Participant: 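Quick one: the structure is below, questions incoming.
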Number of protein chains: 2
Amino acid sequence: MNRAVAIPNNAVRITDSFWSEKIKLIKNEVIPYQWRALNDEVEGAAKSYCLRNFRLAAEAIKMRSNGETVPVYPTDKWEYNESNSEPDSFLGWVFQDSDLYKWLEAVGYLLQNEKDAELERLADGAIELICSAQESDGYINTHYSINNPASRFTNLRDHHELYCFGHLAEAAVSYYNATGKKELLYCACRFADFICKTFGENGIKGYGGHEIAEMALIKLFETTGNDSYLKQAKLFIDRRGTKPYYFDTEQGITSRDGLYYEYNQAHLPVREQKDAIGHAVRAVYLYSGMADVAANTDDKELFEACKRLFDSITNKRMYITGGIGSTRDGEAFTADYHLPNGTAYAESCAAIGLTFFAHRMLKTDYNSKYADVMERCLYNGILSGMAEDGKSFFYTNPLEAVPSEIKADSDKSHIKTQRQKWFTCACCPPNIARMISGLGGYCLTENESTLFINLYCSLEAQSTFGSISIQSDYLNSGRVKISVKSDKTFTLALRIPEWSRDFRFSKENPFIKNGYAYFEINGCDEITAEFNPQIRIISASNRVRENIGKASITRGPLVYCLEEADNGKGLHLLRLSPHPKFSFDGECISANAYRAEDSGNALYFDYKKPKEHLERIKLIPYYKWANRGEGEMQVYIRM
Amino acid sequence: MNRAVAIPNNAVRITDSFWSEKIKLIKNEVIPYQWRALNDEVEGAAKSYCLRNFRLAAEAIKMRSNGETVPVYPTDKWEYNESNSEPDSFLGWVFQDSDLYKWLEAVGYLLQNEKDAELERLADGAIELICSAQESDGYINTHYSINNPASRFTNLRDHHELYCFGHLAEAAVSYYNATGKKELLYCACRFADFICKTFGENGIKGYGGHEIAEMALIKLFETTGNDSYLKQAKLFIDRRGTKPYYFDTEQGITSRDGLYYEYNQAHLPVREQKDAIGHAVRAVYLYSGMADVAANTDDKELFEACKRLFDSITNKRMYITGGIGSTRDGEAFTADYHLPNGTAYAESCAAIGLTFFAHRMLKTDYNSKYADVMERCLYNGILSGMAEDGKSFFYTNPLEAVPSEIKADSDKSHIKTQRQKWFTCACCPPNIARMISGLGGYCLTENESTLFINLYCSLEAQSTFGSISIQSDYLNSGRVKISVKSDKTFTLALRIPEWSRDFRFSKENPFIKNGYAYFEINGCDEITAEFNPQIRIISASNRVRENIGKASITRGPLVYCLEEADNGKGLHLLRLSPHPKFSFDGECISANAYRAEDSGNALYFDYKKPKEHLERIKLIPYYKWANRGEGEMQVYIRM
């Protein structure tokens, strides 16, 4: 099997005008805002209780170690625990710890690229608090440490201890790579060691209900070289879905149907899984871990399963925005080609997870389709999750929204037409923060002979072949200049974006394979690529029932949408002209469309060809929707 | 205000080939089947417990009157009470009594038209049981008589005592009109008297959470002439939605928002209500009662409210099948023009209730639109509720069904693709039975000068103007012959169906007003009407988002649909040809359509005009769908 590695975020400095602005937003708006949210200091926002829980846990651990008695509370409720009559019990969701870890991971990525003493001081304080909430055996989870340490690891299916561990480990690696400080890494490794002891070959045969520990263990392995972490990740992967179902065993149930565990992707051994299934975020986190383990253990069979699952998602179960999860019920995948626009779940976190998965796949399978999917997610279904001012967030990312219908129809109660400041279940905002702040780590990969350019952000990076600089006008002209300063001979592989129909390179005769153009480089060199983004009309498969007779508009990596703010109410009345006469103003697209005139007051009447009039419509990038007040939005337009 | 009265079912004998067959089905299949269901004798069907509850209640009442102690059980659960550890407590839904009443009402209608000693004996036995379950003060409700008589009338909002009373009264009137036997009528009047005492001018200021008592009291008033029943109905109507909200008062709540009571239509005084709202069955039952009270008290203001609400439904919130209720959430109306095809609730009972409402309206407002709506419901959204063999039933009646998506998408979990034998909440099957068996009562109305023909079933009837005979070939040629044997001079008003574009009468120069053709009749006469049903392509308002660019096909009163059994999978791929070359085989319609060829395995690709091929498609009447196994169904087709 191939093995490329990512050039890490700390070796990449994003200089891209588009993305730098987003990263700056994360740094200046999101991170401070989230810090206040984690500290319950944002007025009107749902309380996080996150920092409060860490403080309480630290205190409880200290008291117990001093032999003092600490009250015990129930640990059976995984949903948001409201402020109640027990002032010292755990509050919030059982996975609330992970929000701080994600915040720290994002801070790590930011510090990797730009020193900030004040931010580092804040993070160090948080890390100190985390470490003080670590039990003497290495275990950390404030829910159990506060409420009842005796019942830890009794409900792996629902209680997210392994999930929180995963986020702790990812934060630790990020912060270590930023600062060289080892406190959090040491803390994460101590917990990892405890997990290896508890769930190792001869330990409990369990695995996490919400996957992430698998890929996090690989990060620790890659950072520390300790191969017990790799072994443990492989154990988690290989055990999943085998019989007897561990989640039954821990609940004392003997006869549950495996289908019950589709939600957790634990219905079948992972190598036998063919369709992307269940909770979409969990699914892609699992598949990411599988790809990691496959790559690190040269496990072709496991990697084949990953390829199958990637194809299942991207060929049959993914919105054009990179959104995944067609239903709110279990925030889950449903069936092939079932991609309803107005009830899509398409959680921001799920598009992020799909990016993780794609990023792992491209390290082993040198095919541009993986980076195409990363790009699709990043520019559309992930970025739409955050307001342009960085102050509010979407959890779900529908492809169609009509405020009056959403109000009237509780089947759409999960769809918001305005981003929210924070959520009781606030997984998405910090996930977006860590994704965007760590973007540098997703752009380039390399193996012993080849440097791959997967994403075309403007950047400066250090590879083993030398330094590389990308100057990108990707979203506008599609022109990208790659400059290499090297004293070596190597191959430079430039991804040809799937949307580029008319690409040209300044250097001649590339070898083209699986969507990459390969150039032989000898020392310093410069290649200009022209990808020539065109405005394109894109059909969905006509197996997607809801989109038959409709199409969407894209330009380069961006999916476009119609908004009421530009086009008035009744977007469904619009039909793209067969001669749309597209124009592009550097950001928005204009086109000719026919608007059906209101058919009048009759509800039913003899069909006649609808009266229409021609008008000029305006489309904006999908990720920008809902930044100008509440209104209708629609990605697909009638043809 | 105008005042026509219905020629009652016992003065009308349906001889129609179409409807006689349905009535025969009710008599030979549905009634015996339901009797077994009510007695918990149908294997594999959900248990009713209905008769069992009546027996238990009778016994409890007897024991109490003998001074024996009867155990008390909780009465707070209105959902289906499962067989539990308390063998003698009430089981089933709190409104389970009404199923027996509806069954009896249907039996009454059948016996009105055809004597059947065996069926009458069965009904007499049921009536004896009902009467034995009546408390000494007239109250009947097995839930409270079994579980705890002390807490009766403490939860009018949810506990259906007034609802069950309403069905008792309707059954009593039907059975009395069939047999002249007064036992059940007397029983219902005793309960009605008790209700008048309890909820009269100086009594409790309550009203039922599920309306029906209002129209039932009017039936008792019309049957007995006792005007305290009319007064009580008016009180219920006038109190509804006034402040303080009675439903708050009874719950000891002081500050609930009126919007909370939209579900029960108790958010506003009824005269101020403008939009049809809340639980659709409740709504149309209320509006029926309002129309009754308005007519009987010459209350123009109230009747204006009825007209407004009728228009709200039929101009903005009604499926083309006559189905109402756009969401499963509260089985309720949603917003104007929000009529999703695949998640429609469109409960069979709601279309029945809309027929009740329309039938009451046409007695006061001589406009054909009301009978048009009755006809729309009867031939489509009501009849679809019952299988062709009378052995299974639909609760919901969607306009589109794709089995694979329904399985995958829990937002459609209320949609069934096969009718079910029975339901735990079995309101629909006996409601369909009483509707169809009582059909004769919906056809004709009369006032002092005019006999109105509202529905064109073949029938023989007695009016105050003489006997009337209709020979109808309505569904086929649209020819209807009306023969009158009379010794009087009067006006005969023939409704012109809204679908008839090319109608002719054998008698010349009718006066046409509001959709009725008025003929002066002198003694015996005969008129032939030719309504010439054509196959029509019908558009929904383009304010109905989901149906833009689509249309449905109708012929006469029947809405047609596509089924997989005739047209294969992928009905969404079909597009009606602009030259459909319709043909009609006496029942089904064939047409030319283009089928989009499968677009291949790519999920997203550059738009090109889809490849299509011409084929002949077959449409069947909507009410017949799902009688040939599971498959796709679609009412609207792309244009």
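In what follows, every chain begins at residue 1, and chains take the letters A, B, ... in the order their sequences are listed. Note that this is a predicted model, so its numbers are computed, not measured.
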Participant: To the nearest 0.5 Å, how far apart are CG in B:L614 and NE2 in B:H579?
Facilitator: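 The distance works out to 10.5 Å.
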Participant: Between B:D336, B:T334, B:L339, B:I537, who has the most heavy-atom pairs with chain A when the cutoff is under 4.5 Å?
Facilitator: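 Looking at each of B:D336, B:T334, B:L339, B:I537 in turn, B:I537 comes out on top.
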Participant: I'd like to verify something: which residue of B:K316, B:K608, B:R501 has the highest number of heavy-atom pairs under 4.5 Å with chain A?
Facilitator: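 The candidate making the most pairs under 4.5 Å is B:R501.
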Participant: Taking every non-hydrogen pair under 4.5 Å, which of B:V402, B:V544, B:T343 racks up the most with chain A?
Facilitator: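 Most heavy-atom pairs under 4.5 Å with chain A: B:V402.
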Participant: Can you tell me which portion of B:E498 sits under 4.5 Å from chain A's heavy atoms? Options are side chain, backbone, both or neither.
Facilitator: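 For B:E498, neither part sits under 4.5 Å from chain A.
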Participant: Has the side chain of B:N542 got a donor or acceptor atom that lies under 3.5 Å from a matching backbone atom of A:S599?
Facilitator: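 Yes, B:N542 side chain to A:S599 backbone: donor-acceptor pair under 3.5 Å.
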Participant: Please flag which part of B:K412 lies under 4.5 Å from any non-hydrogen atom of chain A: side chain, backbone, both or neither.
Facilitator: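 The side chain, not the backbone.
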Participant: What part of B:A602 gets closer than 4.5 Å to chain A, counting heavy atoms only: side chain, backbone, both or neither?
Facilitator: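 For B:A602, the contact with chain A is made by the backbone alone.
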Participant: Between B:Y622 and B:Y560, is the ring centroid distance below 6.0 Å?
Facilitator: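 That pair fails the under 6.0 Å test.
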Participant: Regarding A:E615 and A:H613, do their side chains bring together a donor and an acceptor under 3.5 Å, going by distance alone?
Facilitator: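 A:H613 and A:E615 do have a side-chain donor-acceptor pair below 3.5 Å.
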Participant: Where is the tightest heavy-atom contact between B:Y319 and B:A346, given as atom of each residue plus distance?
Facilitator: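 Minimum heavy-atom contact is CD1-CB, 4.4 Å.
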Participant: For each of B:I548, B:D409, B:T314, tally heavy-atom pairs with chain A at distances under 4.5 Å, and name the one with the top tally.
Facilitator: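 Highest number of heavy-atom pairs under 4.5 Å: B:I548.
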Participant: Could you tell me whether B:Y345 and B:H414 have their ring centroids closer than 6.0 angstrom?
Facilitator: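 Yes, the ring of B:Y345 comes within the 6.0 Å limit of the ring of B:H414, centre to centre.
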Participant: Heavy-atom distances under 4.5 Å only: say whether B:L571 touches chain A with side chain, backbone, both or neither.
Facilitator: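 Interface part for B:L571: neither.
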Participant: Heavy-atom pairs under 4.5 Å with chain B - which of A:G600, A:G570, A:S326, A:P610 has more of them than the others?
Facilitator: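 Ranked by contacts with chain B, first place is A:G600.
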Participant: For B:R575, which atoms come within 4.5 Å of any heavy atom of chain A: side chain, backbone, both, or neither?
Facilitator: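 For B:R575, neither part sits under 4.5 Å from chain A.
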Participant: Tell me which of these, A:A551, A:P578, A:A540, has more heavy-atom pairs under 4.5 Å with chain B than the rest.
Facilitator: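 Of the options given, most contacts go to A:A540.
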Participant: Relative to chain B, which of A:N547, A:T327, A:T554, A:L573 shows the most heavy atom pairs under 4.5 Å?
Facilitator: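 With the most close heavy-atom pairs to chain B, the winner is A:L573.
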Participant: Please state whether the side chain, the backbone, both or neither of B:R543 comes within less than 4.5 Å of a heavy atom of chain A.
Facilitator: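 Interface part for B:R543: both.
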Participant: If only atom types and distance count, is the side chain of B:Y379 paired as donor or acceptor with the main-chain N or O of B:P621 below 3.5 Å?
Facilitator: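 A pair under 3.5 Å: no.
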Participant: Quick one: does A:Y636's side chain get under 4.5 Å of A:E400's, heavy atoms only?
Facilitator: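 Of all side-chain heavy-atom pairs linking A:E400 with A:Y636, none is under 4.5 Å.
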Participant: Highest number of heavy-atom pairs under 4.5 Å with chain A: which of B:E597, B:R328, B:K609?
Facilitator: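 Maximum pair count with chain A is reached by B:R328.
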Participant: So what's closer than 4.5 Å to chain A heavy atoms on B:S410: side chain, backbone, both or neither?
Facilitator: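 Contact with chain A involves both backbone and side-chain atoms of B:S410.
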Participant: Whether the side chain of A:Q265 engages the backbone of A:H279 through a donor-acceptor N/O pair (distance < 3.5 Å, no angle test) should be reported.
Facilitator: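 Such a contact is found between A:Q265 side chain and A:H279 backbone.
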Participant: Atom CG of residue position A:D606 - does it have more than 12 heavy atoms of other residues, nucleotides or ligands inside 6.0 Å?
Facilitator: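 Counting neighbours around CG of A:D606, more than 12 heavy atoms of other residues, nucleotides or ligands fall under 6.0 Å, so yes.
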Participant: Can you tell me which of B:H338, B:E546, B:R317, B:K407 forms the most heavy-atom pairs within a distance under 4.5 Å of chain A?
Facilitator: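 Most heavy-atom pairs within the cutoff with chain A belong to B:H338.
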